[in-house]
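In what follows, a single structure is set out as structure tokens and then discussed.
One-based numbering along the sequence shown.
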Amino acid sequence: MLAASVGAMAQTATTPEKTLAPVVVKERAEAPEGKDSVRATETTIGKGKQQLRDIPQSVTVVTERLIDDRNLDTVKEALKNTAGITFLAAEGGEEDIRLRGFALQSTGDMFIDGIRDPAFYDRDTFNLDRVELLRGSASMLFGRGSTGGAVNQVSKTPRLIDSHQVDLTLGSHQYRRITGDFNILTGENAALRLNAMSTTADNNGAGSSLEKKGIAGTYAFGIGTRNEFSVSLYHLDNKNGMNYGMPWIRRNANSPASDTTLLPLDPRNYYGAASDYNAGSATFASLGHIHRFGADSELKTQLRFGRFERDQRAGTVRLAAAAQQPGGVAATLANFGPATRLTRGTQLKIQDMDTVHLQSDFSKKFEALGYKHELLTGFDFAREEKTVYAARSAAQGGVDLAKPPTTVGTPNDGVGIDETRRVLRTSSDFTSKGYGVYAQDLIQIAPHWKLLAGLRYDNMDGSYSTFGIPAAAPGPVTTVSYRQKISEWSKRAGVLYQPNDLQSYHFSYGTSFNTSGDTYSYSAQTVNTPPESSRNIEFGAKLDSADKRFTTRLALFHSTKYHERNVDPLLNIAVLSGKRHAAGAEIDITGRLTPQWEIYGSYMWMPSAKIDIGAEGAEGQGSRPSLTPRHSGTVWTTYQITPELRIGGGLNFRSSQTPIRNPGWDVPGYVTADLMAEYTINERYTIKANLSNVTNKLYADSIYSGHYVPGAGRIFQVTASMKF
């Protein structure tokens with residue numbers, strides 16, 4: 001396949017318009033990437049394509065090789081293979097991604113090919129080439145953003161070759177997954193890339209059934225020429241089950257809050273109602289154009305229309321009150337058993353979102369005033385509309401549906417309610433328009449020194465309305481509206497010292513801001529609240545081996561957030577903290593120690609994290625913030641024993657952490673182990689076996705103050721691949 005790629009690249013370089021140079025082909029041959037390596041040297045998370053060594057900020061890349069090796073079917077699983085990532089099991093059932101303890105997903109820091117991907121849905125990896133994680137403040141590049149960083153999902157794109165692959169995976173709990181990746185050469189500089197996926201399972205190993213399908217297609221023409229065009233369509237449909245989470249439990253009746261722990265249950269046990277589900281879809285169409293003015297200058301423009309639908313009918317599983325338990329005493333570990341009773345509540349999350357995003361980025365390398373410059377500038381526009389629905393009670397013209405309780409000894413009891421009987425109404429809507437303009441310049445000021453300076457201006461206008469009705473009548477509707485206009489500047493600066501081609505050292509400073517509209521709602525407390533702001537300082541290094549097949553990334557960071565707000569509608573708290581910080585060290589290692597031995601590792605040590613200025617009713621001043629484990633990371637290694645046989649194994653770990661708002665206990669840390677063996681029958685056929693969570697470790701994967709979602713138990717899967 002590499003030979004075919006080199007041949008195709010060489011072919012496209014035969015006309016004056018082509019920009020693919022032989023030196024690029026040579027570099028890729030020396031250091032394969034993507035499907036052939038866990039190591040990456042380039043990224044597009046900084047808008048234009050850049051060398052990782054030229055970015056004065058930490059970037060971790062999960063390549064397609066690692067995604068395939070570890071069977072990482074979801075973006076969540078891919079992100080678990082980067083250090084510093086934790087997950088909040090939020091009030092609506094969605095899993096809010098945290099980096100260094102700071103929110104990512106709820107602040108809109110998920111992107112697809114550099115364009116904001118704002119909706120909550122179960123993202124799949126079937127159409128991804130890689131996942132890029134930028135650590136630290138990112139508002140200068142993307143506009144409003146979090147303190148922790150940004151996640152960029154890079155889609156598979158057409159290539160100038162004919163190449164196809166079909167993978168079939170069978171596994172535990174009736175797991176069935178088939179994916180197809182078809183790249184069709186349609187002309188001298190045109191190609192079509194189609195990716196399709198279908199996945200079903202009785203259980204994902206943590207109590208949820210799976211039923212999802214996806215298809216994505218991109219047609220590109222003028223590839224590598226002066227004018228390159230692309231059109232793409234993506235659709236993902238989820239009809240999955242829903243494990244909202246399990247309650248915490250204390251060891252005995254006299255135990256303090258600090259003695260709270262997990263239920264001693266098999267993680268695959270399901271105690272929600274059979275009628276609970278998490279359905280939804282993500283559909284978006286994109287148009288792209290790249291105009292190359294020359295070898296070192298291009299203008300890239302993208303337009304995307306998105307439609308996201310979500311229909312989540314979940315149930316809060318809780319320990320029943322003492323009066324309903326055997327013997328009339330509260331449930332604790334001391335009396336926990338098959339007869340312990342559980343209640344099942346209701347959590348609905350029904351909403352639609354429509355988005356339009358337009359952005360254009362210009363990059364140019366040039367010399368001026370005796371210095372070399374790499375200029376990056378552009379603008380973006382976004383319009384986002386979100387409508388939220390609520391169910392009417394019987395008194396409001398709807399129905400009252402109650403889920404019957406269950407017992408610990410009867411998981412998967414099949415009892416449910418008729419969710420189709422619910423009568424919905426519009427409870428709120430949100431509309432925002434925003435634009436941003438930015439410019440940054442990377443200047444070579446001396447043979448081994450570069451300076452980076454960037455500035456961005458953002459403007460956002462958001463309006464939010466709630467539609468309330470009486471508790472005991474279908475009307476009248478009471479409308480309450482809020483509007484907020486925000487204008488903010490974001491800054492980025494950095495210094496790079498690169499004594500040779502193998503070493504790059506950096507210092508960076510950046511700022512970010514978040515508007516109240518990041519949560520797609522306002523209230524009387526937040527509509528006039530100034531934006532959250534943050535500051536990130538980092539010292540780091542990127543070191544390559546002499547053969548450029550192994551890379552080590554090191555960083556020391558200090559992130560500070562001001563005016564942190566609450567995004568939990570179940571709590572009457574507008575501000576979580578006035579100021580908090582997180583500081584620590586990171587290391588990533590990727591590449592080949594020998595031609596046969598490949599390794600990937602990502603580790604974060606965060607010894608300092610603190611609420612510096614507290615807020616009433618929230619996490620206490622002086623305490624360690626929630627979801628900030630001192631140690632987190634992963635390691636994965638493979639060894640090519642023979643030309644046909646490759647084996648691998650790895651660990652994934654998090655030390656103890658506290659749930660949101662520090663309820664008074666620590667969630668135990670965990671280490672899980674995975675194994676893999678792959679046998680190549682010939683150039684066309686490969687078979688691979690994966691054993692995940694080898695010891696069947698019980699742990700809390702996503703956490704909240706009232707419940708946790710267990711991590712998947714032991715899972716065995718076998719994948720057969722065919723290339724043609």
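For the pair Arg684 and Phe724, the cation-pi criterion (under 6.0 Å, within 45° of the ring axis) is not fulfilled. Cation-pi geometry between Lys76 and Phe87 is satisfied (NZ or CZ under 6.0 Å from the ring centre, within 45° of the ring normal).
The distance from the CD1 atom of Ile537 to the OG1 atom of Thr560 is 7.0 Å, given to the nearest 0.5 Å.
Not a single donor-acceptor pair under 3.5 Å links the side chain of Ser512 to the backbone N or O of Ser534.
For Phe653 and Tyr670, the gap between ring centers reaches or exceeds 6.0 Å. Annotation: Tyr234 is in aromatic contact with Phe126 [ring centroid separation under 6.0 Å]. Aromatic rings from Tyr600 and Trp636 are positioned such that their centres are separated by 6.0 Å or more.
Asn536 and Arg100 form a side-chain donor-acceptor contact under 3.5 Å, judged by distance and modelled atom types alone. At a cut-off of 3.5 Å, with distance as the only test, no side-chain donor of Ser559 or His581 sits close to an acceptor on the other residue. Between the side chains of Arg70 and Asn690, no donor N or O sits under 3.5 Å from an acceptor N or O.
Contact detail for Phe111 and Ala150: the closest heavy-atom pair is CE1-CB, 3.9 Å. Across every non-hydrogen atom of Ser360 and Leu299, the tightest pair is OG-CD1, 3.3 Å. Across all non-hydrogen atoms, the minimal contact from Ser490 to Thr511 is CA-OG1, 3.6 Å.
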| message | What verdict does the salt bridge (Lys or Arg N to Asp or Glu O under 4.0 Å) test give for Glu64 and Lys156, after you've listed the backbone C-alpha separation in whole Å, the side-chain angles of each residue and the deciding distance to 0.1 Å? | response | CA-CA 10 Å; Glu64 189 176 4; Lys156 296 178 180 179; 3.3 Å; yes
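Under the side chain to side chain contact (heavy atoms under 4.5 Å, CB included) criterion, Ala190 pairs with Thr186, Tyr219, Phe221, not counting sequence neighbours.
Among His506, Arg135, Glu538, the one residue that satisfies the side-chain hydrogen bond (donor to acceptor under 3.5 Å, both in side chains) test with Ser58 is Glu538.
Listed by first then second residue, pairs satisfying salt bridge (charged side-chain N to carboxylate O under 4.0 Å, His left out) with a partner in residues 498-509 number zero, not counting sequence neighbours.
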